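None of these values were measured; they are calculated from a predicted model.
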Amino acid sequence: MSDTSQPLKAALWMLGAIVSFSAMAVAGRAVAAELDTFELMMYRSFIGIALVVGIGAATGHLRDIRVTNMPLHIARNLSHFAGQNFWFAAITMIPLAQVIALEFTSPIWIALLAPIFLAEKLTRLRMLVAVLGFIGAMIVARPDFSNVEVGVLFALSAAIGFAGSAIFTKLLTRKEKITSILFWLTVMQAVFGVVCSAYDGDVAIPSAPLLPWVVLVSVTGLAAHFCLTTALAHAPATIVMPFDFARLPVIALIGVWLYAEALEWPVILGACIIFGANYLNIAAENRRLKAPV
């Protein structure tokens, strides 16, 4: 993978990730009626393995799967598995907008960790973009921090897990092809899911009406990781991850469309701040690339 920064390509891939993550949130809430988070991750990962192997075989990319860099794969998938389970649990405990707003502390963690793990420079503008995006998310969600709930702690833990996952994913894109990253993602998380689901000796089987939602969680989750991994291959993590702030106004619009929720002015204001911050991010990176060396 080339480390040459291509922020516009990264932006397009992040658009795909936003759509996929938003669909997964809707499906995840529906699935929670019958499955706990470990069971959902287990079924999602089994379906994901079939998709990765099938698509890889059809496109001739199975040869990209390697057994090198396993410590990075393990670290990446443990971090993501923990974050994803905290996230699925949180969306059943507190409002969805609040979960996503708290999840958006992840770019702050990435901005702080990227100089340590990725040797990426933490510029004033990149930190400003992360802070502005977070402020926009807070304006949209308006979470109540006066009474900290378990769901809030879970959502914050998910943000830290996702930040670690993004850091390790960026490291992997420098050494591995996407098919290999996604293969080990699904295989390792299937193992984690089986162990955690079977720990209490009771593994639920999804009912027929719920099965399409389980499949949707798996397909959108895999698509989101493909888009996110590709975006990270095109630009630094501190450039890529703030784009995810756009997912919050997207979720708000989905709420209007599916659940007849009111679209309030804070949503519009927060969305404007989020998109403005991302525009500054892209514009600054493009100027840097065009500047004479």
Side-chain angles (χ1 to χ4, degrees), residues 16-48 51 80-106 137-138 140-144 148-162 165 186 189 192-193 196-197 202-225 227-228 244-264 267 270-271:
I18 289 166
V19 172
S20 299
F21 278 128
S22 299
M24 186 177 67
V26 174
R29 269 199 160 181
V31 170
E34 295 184 15
L35 303 178
D36 63 31
T37 59
F38 294 136
E39 291 163 346
L40 174 56
M41 289 295 289
M42 178 183 67
Y43 289 121
R44 165 187 160 170
S45 298
F46 282 139
I47 296 171
L51 289 172
H80 180 265
F81 184 78
Q84 192 69 81
N85 275 284
F86 280 126
W87 188 84
F88 278 128
I91 64 175
T92 67
M93 298 179 180
I94 58 177
L96 185 60
Q98 190 175 4
V99 173
I100 295 175
L102 293 169
E103 179 192 340
F104 285 157
T105 60
S106 187
M138 292 297 103
V140 174
R142 289 161 292 164
D144 180 12
V148 180
E149 304 174 48
V150 174
V152 169
L153 296 178
F154 278 6
L156 286 171
S157 298
I160 297 173
F162 291 150
S165 176
T186 54
Q189 298 209 28
F192 301 155
C196 294
S197 296
D202 181 20
V203 179
I205 299 176
S207 63
L210 198 69
L211 191 56
W213 290 108
V214 176
V215 174
L216 182 60
V217 168
S218 181
V219 172
T220 54
L222 193 62
H225 282 288
C227 292
L228 176 60
D244 199 35
F245 284 125
R247 182 156 44 100
L248 189 52
V250 169
I251 283 287
L253 292 175
I254 289 174
V256 172
W257 178 42
L258 293 180
Y259 310 115
E261 296 176 353
L263 183 59
E264 300 174 337
V267 175

Item to check | Residue pair W87 / M24, side-chain heavy-atom distance below 4.5 Å | outcome: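 Contact flag for W87/M24 side chains = yes.
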
Checklist entry - With side chains defined as the heavy atoms from C-beta onward, is the minimum distance between V31 and P206 less than 4.5 Å? => result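 Not touching, per the 4.5 Å side-chain cut-off.
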
Using 0.5 Å steps for rounding, measure from the [atom1] atom of [X] to the [atom2] atom of [Y].
{"X": "D36", "Y": "S197", "atom1": "CG", "atom2": "OG", "value": "5.5 Å"}
{"X": "L210", "Y": "I205", "atom1": "CG", "atom2": "CD1", "value": "12.5 Å"}
{"X": "L40", "Y": "Q84", "atom1": "CG", "atom2": "CD", "value": "8.0 Å"}
{"X": "M138", "Y": "L102", "atom1": "CE", "atom2": "CG", "value": "5.5 Å"}
{"X": "R44", "Y": "T220", "atom1": "CZ", "atom2": "OG1", "value": "7.5 Å"}
{"X": "N85", "Y": "Q189", "atom1": "CG", "atom2": "CD", "value": "8.5 Å"}

Between [X] and [Y], which heavy-atom pair has the shortest distance, and what is it?
{"X": "F81", "Y": "C196", "value": "CE2-SG, 4.0 Å"}
{"X": "S22", "Y": "V250", "value": "OG-CG1, 3.5 Å"}
{"X": "V203", "Y": "M42", "value": "CG1-CE, 3.6 Å"}
{"X": "A25", "Y": "I251", "value": "CB-CD1, 4.2 Å"}
{"X": "G28", "Y": "V217", "value": "N-CG2, 3.8 Å"}
{"X": "D202", "Y": "E39", "value": "O-OE2, 3.4 Å"}

Next on the checklist: I'd like to know if the side chain of S45 reaches the main chain of M41, judged simply by a donor and an acceptor atom lying under 3.5 Å from each other, with no hydrogens or angles considered.
Outcome noted: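 Checked: pair present.
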
Item to check | Parallel, tilted or perpendicular: rings of F154 and F86 (30°, 60°) | outcome: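 Geometry flag for F154 against F86: tilted rings.
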
Item to check | Pairs where residues 208-218 contributes a residue and the test side-chain hydrogen bond (donor to acceptor under 3.5 Å, both in side chains) is met, not counting sequence neighbours | outcome: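 Pairs touching residues 208-218 that pass the test: none.
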
